[in-house]
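Worksheet: the structure to be examined is printed underneath.
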4 protein chains.
Amino acid sequence: MADVAVIGASGYTGALAARLVHRHPELELVAVTSRSDAGRRLDDLYPQHRVPLVLDAYEIDELGPVDAAIVAYPHGASAPVVAELHERGIKVVDLSADFRLRDVPTYEEWYVPHPEPELIADAVYGLPERYRDEIRGASLVANPGCYPTAAILALHPLAPHLNDVIIDAKSGVSGAGRAPTETTHFVSADENVTPYGVGRHRHMPEIEQELGVQVTFTPHLVPLDQGEMVSCYVHLRADVDVLGLYEEAYAGEPFVELSNRPPGVRDVRETNFCRIHVHPDERTGKVLVFAVIDNLWKGASSQAVQNLNLMLGLDETAGLL
Amino acid sequence: MADVAVIGASGYTGALAARLVHRHPELELVAVTSRSDAGRRLDDLYPQHRVPLVLDAYEIDELGPVDAAIVAYPHGASAPVVAELHERGIKVVDLSADFRLRDVPTYEEWYVPHPEPELIADAVYGLPERYRDEIRGASLVANPGCYPTAAILALHPLAPHLNDVIIDAKSGVSGAGRAPTETTHFVSADENVTPYGVGRHRHMPEIEQELGVQVTFTPHLVPLDQGEMVSCYVHLRADVDVLGLYEEAYAGEPFVELSNRPPGVRDVRETNFCRIHVHPDERTGKVLVFAVIDNLWKGASSQAVQNLNLMLGLDETAGLL
Amino acid sequence: MADVAVIGASGYTGALAARLVHRHPELELVAVTSRSDAGRRLDDLYPQHRVPLVLDAYEIDELGPVDAAIVAYPHGASAPVVAELHERGIKVVDLSADFRLRDVPTYEEWYVPHPEPELIADAVYGLPERYRDEIRGASLVANPGCYPTAAILALHPLAPHLNDVIIDAKSGVSGAGRAPTETTHFVSADENVTPYGVGRHRHMPEIEQELGVQVTFTPHLVPLDQGEMVSCYVHLRADVDVLGLYEEAYAGEPFVELSNRPPGVRDVRETNFCRIHVHPDERTGKVLVFAVIDNLWKGASSQAVQNLNLMLGLDETAGLL
Amino acid sequence: MADVAVIGASGYTGALAARLVHRHPELELVAVTSRSDAGRRLDDLYPQHRVPLVLDAYEIDELGPVDAAIVAYPHGASAPVVAELHERGIKVVDLSADFRLRDVPTYEEWYVPHPEPELIADAVYGLPERYRDEIRGASLVANPGCYPTAAILALHPLAPHLNDVIIDAKSGVSGAGRAPTETTHFVSADENVTPYGVGRHRHMPEIEQELGVQVTFTPHLVPLDQGEMVSCYVHLRADVDVLGLYEEAYAGEPFVELSNRPPGVRDVRETNFCRIHVHPDERTGKVLVFAVIDNLWKGASSQAVQNLNLMLGLDETAGLL
């Protein structure tokens, strides 16, 4: 059993990570911390997760011996904590954006001045379907954003051939986080669909880094709690065997499903699966790709556990099926 | 045309009142005010209402000449403003709880020290189906709470005979107001049902005042935006012609509908109607009554306009059909 | 007062058309018919519409004298009825697809053998923002589909310059009609987003006819009842003053709103408005356009009334504000 | 490993039972059958369950050797199949109502003529919190209805003292089953709350049988997919230590949680838990009890697995945590 701490367990993704670790057959959840809710029981805050631990304030010296940590802090706040844990030899999966972008100026253009730029080189981008071997040997993994997870899985098999990429995304409200705002108010989100971050969403540079092509990316808020769909419209540079590329790329992948009909986000709710439908459109010559994930699971917390499984030499699917 | 101001037009009920006045054939919306959003356009805050006015800070001396006002302030904050308007001879419909309870100690037990207790005697409880004549002559009307509106309309015909009253209510999230909180967060309310205020909801004394009997009242939050149902389970002191009492009580009422099957809250969405189904249960001897309203309309803003119509000598249904 | 019949008033759009005519200040609803529900009261089927008429079986000879009719039959079934009414000099707005496509082979490729091809030449495409003058003089108007209404209003100002057009649409479940199916089951649609008709939706040729350019169009079902958004991603042939074109095209339009921020479908719920946000994206050179309508209102029934107003020489906005 | 068949696996509860058995560490899902969908893959019908089996037509002789079966047929259709399986020595959990009521005339009053009345004596009512020992030795278990499960768990500790019982229930739409109907249409259920079966719901006699008291029971449909709440208002015959009775009754119960605040149905979504809040109301002398379950899980399929665990001598919680 490996001992694991979840740092920042009072937000949606941290709390879910705590639950997944707590129920994991080969991991032991030894500590959960929170900046805002220290002293409260996690199962009081999230009855549905049934994690009977008290949230502590984070103090590196009071953490006790742990083998690994999942950090679920906001960008900017995460990097210093990650650095501290990393220095002590604790394997870290970071749910924030702090170590996802390899280029510091790009990070600083979209986020804040980077608190720990020298650590970026040590970080592996935590998409197992793309970097499985690197993750196995990594001590620091930057867990992808939810939209990038879906978008990259949707288009990765076509990456070398992509020419013009439109990604229209739809996400449930949990993606906006636990903070109550006008946007997350039930009466604002219910019976509504709204685009946001038009032309300037922070997940765009992350998608572009991995796909190696400029993308137009627009997320929309839809009235559901968990789940995310990306609808991709792409033009290819060359005439390739589109379906063959997907079958080859995802043969043997435990968490990617190719579907011969359009998926719904319900198909993957509360799972680590990504389900993909590819439609080469003869009429227009474009390729349409639809991918669904649960934004809190494969888009965050269960993917973090998948990464942890790899980093700790466990079965990649342990605790996730 | 009567000139009307809406004081506190940035909350859900104030904004809707502004829209109803703005579109009313015989009322002129001359001013909208807000404590939190002064300077913003109301149609920027609520595009769906399409009221092209700028919200002002409230200043009695800058209000200009108005015939009537709808005040949509929280309890405690409302009474002083109502008093000020009343003093200048402006007819007022108050959406707050400040003038609903005739007994000051009861008010102060459930709310706050009453800022204007001497004004209570001047106020008429604004349920037209019960106090139509008094409202016609009133200069100050205390608009009922949403649950009391539904509950009193549901049980008023049986009032003299009521013995044991259980009211199980279900309300959409707009009833909790515009403030973003953990409760109103989409992810908290969606796919959920939760009782609240168990044994201690402030609308209980208001219902009891009007029905003249002790009630057990429990509201539940349900995942919809607008709409409210009360399910009433009552035992009667005497054997009466239940259905006859309802038909008699509501004959000719423009906004009360008796239905021979259970109603849904959708039946009255965005209307001033209350729809009622009465089921005398032979098996148990109880009477079951189900009533639905739109909590923002008949439960607040459109009922305020109905009251205003009566106070100003207009057709009671003007602007409401 | 003009006498109007609604043929096929038991479906969602027919029933709403009946309500709008019934409350219209210058129209008189004289008959409602239904193939499936003849004999039932319309306000029993749709309490929320409060139309106190009994549905008749449709019989041209028993219809009585009417000035105009709105026909809400499915495609294929509509054309013969439209022809019959037209022959008797009754002005008709047809909600079906039967007279929208000017090219018979195109219609027959996407629908069925056309029952009344010779009547197509008499029909005007009922988008007032584009064909107002023609509609004024028309005796037969083909009311646009919901997606075409939103998509054409979104892109019409750019039509001559469009080069590559992607339209990603999201629609509430009422768009799928009143028939209970696996797709419209609450448990299928709730907490879900699903693309459908990928690469082969019947509204595509209608959009292409009006915009004069090939489009990639994908609708998605989202968990709400009424409302529709189109998110358009286009590349232009030339460098034009995009915002200027929109302002020019829609100056004075009573039902089109240009917004400087992304709209939500709630903004237009239960209205005849279309709200549009245009975002020229400097980074990619594309133009992004987002438009929202209520699929049952501007996407069907209220647009039918807008057309009827024009055909009958009434104020275009009568009964719609 | 015990070999288990699920008979009738194409409905919501049968399909979920199949998933729970398929993932169970000590059960082997060897067959799934369907009357309506034989020949289809279960993971095609329900992608989210990921059960890679083909649905067969049910034929007792082609079933192969199985140790136990879960039958998920409608009432009336279930009993003959249950009898056949029982005769061959296969342990059966029956999800239908056929063996829940011990009194044949009562069954026949509320349902249909009973096809296998002599088998009723062999059946144990499958609420482990009440009949654990009997279930351990049973060969036929009648799985409780969803409302009875919640209602009996809510009130069982008070059963000897109950005098006047009102149960107001709220259920998600999955409780109405997979058949698409006007009631289950998204547009009917969304933004709606509707009581149904007023005064005559079939779960009433089942609740009365177990509580031994007459109850007034009214279910309401609320707009969510899974989840159920019962709000109980009871008067007691005697002055008892209410909270003490609950603590005593449920000490050590693995799936019943007593909560000191009102629960929400989300708290138990996709779990076998029942969460209960008890509020003795000093003001009125009544006791209010709120209980939540997932209607498809503890209200049906996971409770069936809990029963199977007991019948097969396994850990009661196996496959359920």
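Not measured: the values here are computed from a predicted model. So you know, we letter chains A, B, ... as the sequences are listed, proteins then strands, and number each from 1.
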- Item | Heavy-atom donor-acceptor pair, C/D37 side chain to C/S10 backbone, under 3.5 Å | no

- Query: How long is the span from the NE2 atom in D/H201 to the CH2 atom in D/W110, to the nearest 0.5 Å?
  - Reply: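 Output value for this atom pair is 9.5 Å.
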
- Task: Answer yes when D/E257 and D/K298 have at least one side-chain N-carboxylate O distance shorter than 4.0 Å, and no when they do not.
- Result: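 Answer for the salt bridge query: no.
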
- Query: chain D heavy atoms under 4.5 Å from C/A176: which part of the residue, side chain, backbone, both or neither?
  - Reply: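 For C/A176, there is no contact with chain D at all, as no heavy atom is under 4.5 Å.
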
- Identify which part of C/T181 has an atom lying under 4.5 Å from any heavy atom of chain D, answering side chain, backbone, both or neither.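 Looking at C/T181, just its backbone touches chain D.
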
- Item | Option in C/T184, C/D225, C/D190, C/T183 with maximal non-hydrogen atom pairs under 4.5 Å from chain D |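 Highest number of heavy-atom pairs under 4.5 Å: C/T184.
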
- Message: Checking C/Q226 against C/D294: is there a side-chain donor and acceptor pair closer than 3.5 Å?
- Response: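 Side chains of C/D294 and C/Q226: pair found under 3.5 Å.
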
